[in-house]
There are 2 protein chains.
Amino acid sequence: MAMKAAGTDRPATIHDIAAICGVAASTVSRALSTPERVNIRTRARIEAVATELNYIPNIQAKALSSGRTGAVGVLVPDITNPFYFDLIRGTQLQLKAAGYTQLLVDTEESDEVEASSMEQLRKGADGIIVTASRLSDEALLSAAAKIPIVAINRDVPGVPAVVIDTPSATSQALDHLISLGHSRIAYVAGPVTSQSSTLRWDALAAAAEERGVDVRRLGPFAPKTQSGAAAADAAVHSGVTACIAFNDLIAIGMLQRLRERGIRVPEDMSVVGCDDIFGADFCNPPLTTMASPIEQAGRVAVSMLLAQLNPRGGGGTRNRSLMPTHLTVRGSTGMAPRAC
Amino acid sequence: MAMKAAGTDRPATIHDIAAICGVAASTVSRALSTPERVNIRTRARIEAVATELNYIPNIQAKALSSGRTGAVGVLVPDITNPFYFDLIRGTQLQLKAAGYTQLLVDTEESDEVEASSMEQLRKGADGIIVTASRLSDEALLSAAAKIPIVAINRDVPGVPAVVIDTPSATSQALDHLISLGHSRIAYVAGPVTSQSSTLRWDALAAAAEERGVDVRRLGPFAPKTQSGAAAADAAVHSGVTACIAFNDLIAIGMLQRLRERGIRVPEDMSVVGCDDIFGADFCNPPLTTMASPIEQAGRVAVSMLLAQLNPRGGGGTRNRSLMPTHLTVRGSTGMAPRAC
DNA sequence: ACGCGCTTGGCAACCGGTTGTCAGATGCAT
DNA sequence: ATGCATCTGACAACCGGTTGCCAAGCGCGT
């Protein structure tokens, strides 16, 4: 039985199995994918030989003939942004559990790279999960017509989405700052193409007006720690006593810059971040930030996508999911200077 | 010309192009992949039609018929470990530049997952880059016989590798600590299956003996910040005044724990990390650590792999590359308590 | 005018599976 | 014994390219 392995060293195919079992290749295919379609005895023989030959189906061939690739593309604007680590891990685990392969693509914060990646993936994947898409509504919508898509942190009617509810957490942050005596507050904006940043600002501006405090907008800034220096300087210059940053990267960068300039946090300036990324808890001072279950967001996105790919009987497919967000208070926020 | 787009909405194939141009499919294939094999005029026609039809070759089919998938697997033990961010970015950029696709796989620090991923990738990729492999020498060697492999931070004779020279940086760190007056030093070890950790310890122990100082080994510890607490406690209990940690994650975790316990860094205890990951510069205090060009390591690994895949005329293929490492001194190391 | 070699394009097999269709075998009722 | 439905497996087409081989067409030297 075991001696036949000596022959060819290349991976076994269904034809090898078929030859050994004395059946047709199609029978082997069915035995493996549609077991009930084949007599239990032949099936047993085939399965035995398959395991003995250490048979591994060729994914390429499978994809070519069946049209299903068993892969899902995950597009992120910047792999090195810690925010995406947990998200990626979430999608990776959930996809693996469902027997899918994850194709991770870094779109380099560019709408063009994003669009071409999608076009590429149209044949190379069964579906796409796109985070913080830089595409226009129309472009995203037309892409979604060609291949199943779930968007994360991008809300376009007609495109299933997982949205992390930072806008509402923004109000929490605002109340937190107000209760500490701050009345001159800045929103440190992210990229203009980021819908998240826009929505957050809208929510913040509305809440600020409601509460009668002065919130101004600074930026835009790139979502990197390096941008934090410029953001910090802008904040200082604007005379505010507290900032709500687009994300933790910028906030941490601001922390560094403020320290360099001898401006104490939180005594002279309070800083609130967003995302609660790796590092937010051990920077100096630890960052008050808006936290949310990022990994879970990834899992939910995968579930929604798989529901689209394999429509179940129970037609109730949710096409929008809101992830809760809460404020995590750490050391970077404190009483307003005047109030002391 | 443009009206034909109205017909089928599915992606164009070479057959569509062939039909329109009145040539055979094989000619189209050659025009696109072996341009010199085809008359310049027919080629021009074909290319024009191809762009007009927005033709995108089907990767699956290409892979199936040619045997080359155009993909490279990149295996990392833990996607959420910041050390790998820059590495992944390095491989991603270099692979994309060479027209390859990156398949990123999280092996969950498990040798079994790693082995099965490799087997899977044997058909799904042209080559594999494996970081910090948990596999045995034999297993890695036999895998390398089946598919081109480049290892990162894993040195097995016969397997091309990019090695980050942390062992030699370890001596620098030791001298740094000695010059600050430390004489009782601990090495906070990583996982037992990590070759890097072993090599680092060997180098450190040798250097310590040479210099006549006492260096003991603590651990092993998992390479996560959470392990830092146990590591910090072990270090305190062992009575050392300085630690060299397996990596920055552990070191940062130690910093947090030491702070909780009211032990000042660096006054009471000095801590040296390794890798200079995201966060090492803004933790509290900023971490003295051994830095190296990680992203470049990823690029080099890709270059070595591609050289294997497409053997050039100049046969001199390097199969081992050593990345330089240097000590970056920040705030987590200082004079030994006794010496003050 | 002939033979030669080079260029250029077509034919067909093949990569490794999937799937529609059909025929032989089997079992059961009539 | 005949008819009919059911089960089982084989055949072959197909997915979308690649590639070895062959032949027609061409220019050129003799």
Side-chain angles (χ1 to χ4, degrees), chain A residues 8 10-47 49-50 53-71 99 101 119-126, chain B residues 8 10-47 49-50 53-71 99 101 119-126:
Chain A
T8 58
R10 60 158 175 65
T13 72
I14 65 171
H15 296 96
D16 301 333
I17 299 177
I20 294 177
C21 293
V23 298
S26 54
T27 304
V28 176
S29 172
R30 290 206 168 85
L32 266 28
S33 57
T34 328
E36 71 278 7
R37 182 68 178 66
V38 141
N39 184 300
I40 189 164
R41 304 198 49 178
T42 33
R43 192 214 312 176
R45 284 235 320 286
I46 290 173
E47 282 173 347
V49 174
L53 256 49
N54 191 21
Y55 168 72
I56 295 180
N58 183 319
I59 304 183
Q60 326 285 349
K62 223 176 185 122
L64 186 55
S65 56
S66 67
R68 273 168 273 114
T69 63
T101 302
E119 195 57 37
Q120 194 76 17
L121 250 22
R122 189 172 156 195
K123 303 294 285 295
D126 294 344
Chain B
T8 59
R10 59 157 174 65
T13 72
I14 63 171
H15 295 96
D16 301 334
I17 300 176
I20 294 176
C21 293
V23 299
S26 54
T27 304
V28 177
S29 172
R30 289 202 173 88
L32 267 28
S33 56
T34 327
E36 71 278 6
R37 183 68 178 67
V38 143
N39 184 301
I40 190 164
R41 304 197 48 178
T42 32
R43 193 214 309 177
R45 283 236 320 286
I46 290 173
E47 282 173 347
V49 174
L53 256 48
N54 190 21
Y55 168 71
I56 296 181
N58 182 320
I59 305 182
Q60 325 285 349
K62 222 176 187 122
L64 185 56
S65 56
S66 68
R68 272 168 275 111
T69 63
T101 301
E119 194 59 36
Q120 194 77 19
L121 250 22
R122 191 173 157 193
K123 302 296 283 296
D126 295 344

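Lettering follows sequence order; numbering is per chain, from 1. Just so you know, these numbers come straight off a predicted model, no measurement behind them.
To the nearest angstrom, P of dG16(C) lies 13 Å from CD1 of I17(A). One interatomic measurement links the two molecules: CZ of R122(B) to C1' of dG16(C), which rounds to 15 Å at whole-angstrom precision. Note: CZ (R68(B)) to C1' (dC14(C)) measures 15 Å, nearest angstrom. H15(A) has its NE2 atom 13 Å from the C1' atom of dA10(D), to the nearest Å. Between I14(B) atom CD1 and dT19(D) atom C1' the separation is 12 Å, expressed in whole Å. To the nearest angstrom, C1' of dG16(C) lies 8 Å from NZ of K123(B). Distance CD (Q60(B)) to C1' (dC15(C)): 13 Å, rounded to an integer number of Å. The distance from atom CG of N58(A) to atom P of dC15(D) is 18 Å, rounded to the nearest whole Å.
Distances shorter than 4.0 Å separate none of the side-chain N or O atoms of K62(B) from OP1 or OP2 on dG16(D). Between R41(B) and the phosphate of dG9(C), there is no side-chain N or O to OP1/OP2 separation shorter than 4.0 Å. Within the structure, every side-chain polar atom (N or O) of T42(B) is placed at least 4.0 Å from both OP1 and OP2 of dT8(C). Of the side-chain N and O atoms in S65(A), none sit less than 4.0 angstrom from OP1 or OP2 of dG16(C). Contact annotation: R37(B) side-chain N/O to dT18(D) OP1/OP2 distance is not under 4.0 Å. Under 4.0 angstrom from either OP1 or OP2 of dA10(D) there lies no side-chain N or O belonging to S26(A). Checking the phosphate oxygens (OP1, OP2) of dG17(C), no side-chain nitrogen or oxygen of S29(A) falls inside 4.0 Å. For N39(B) and dT8(C), the shortest distance from a side-chain N or O to OP1 or OP2 is below 4.0 Å.
Of the residues listed (Q60(A), K123(A), Q120(A)), the one engaging I59(B) in a side chain to side chain contact (heavy atoms under 4.5 Å, CB included) is Q120(A), and it is the only one.
For dG10(C), the base has a donor-acceptor partner in the side chain of R30(B) [N/O atoms by modelled type, under 3.5 angstrom].
Side-chain atoms of T34(A) and E36(A), non-hydrogen and from C-beta on, do get closer than 4.5 Å to each other. By the 4.5 Å heavy-atom criterion applied to side chains, I46(A) and T27(A) are counted as neighbours. Counting heavy atoms from C-beta outward, V28(B) and V49(B) have side chains that stay 4.5 Å or more apart.
With dT18(D), dG16(C), dC21(D) as the candidates, the nucleotide lying closest to the side chain of S33(B) is dT18(D).
Nearest-nucleotide assignment on DNA chain C puts the 5′-proximal partner with L64(B), out of L64(B) and S66(A).
R43(A) comes within 4.0 angstrom of nothing in the nucleic acid, heavy atoms only.
For R30(A) (side chain) and V38(A) (main-chain N/O), no donor-acceptor pair under 3.5 Å exists by modelled atom type.
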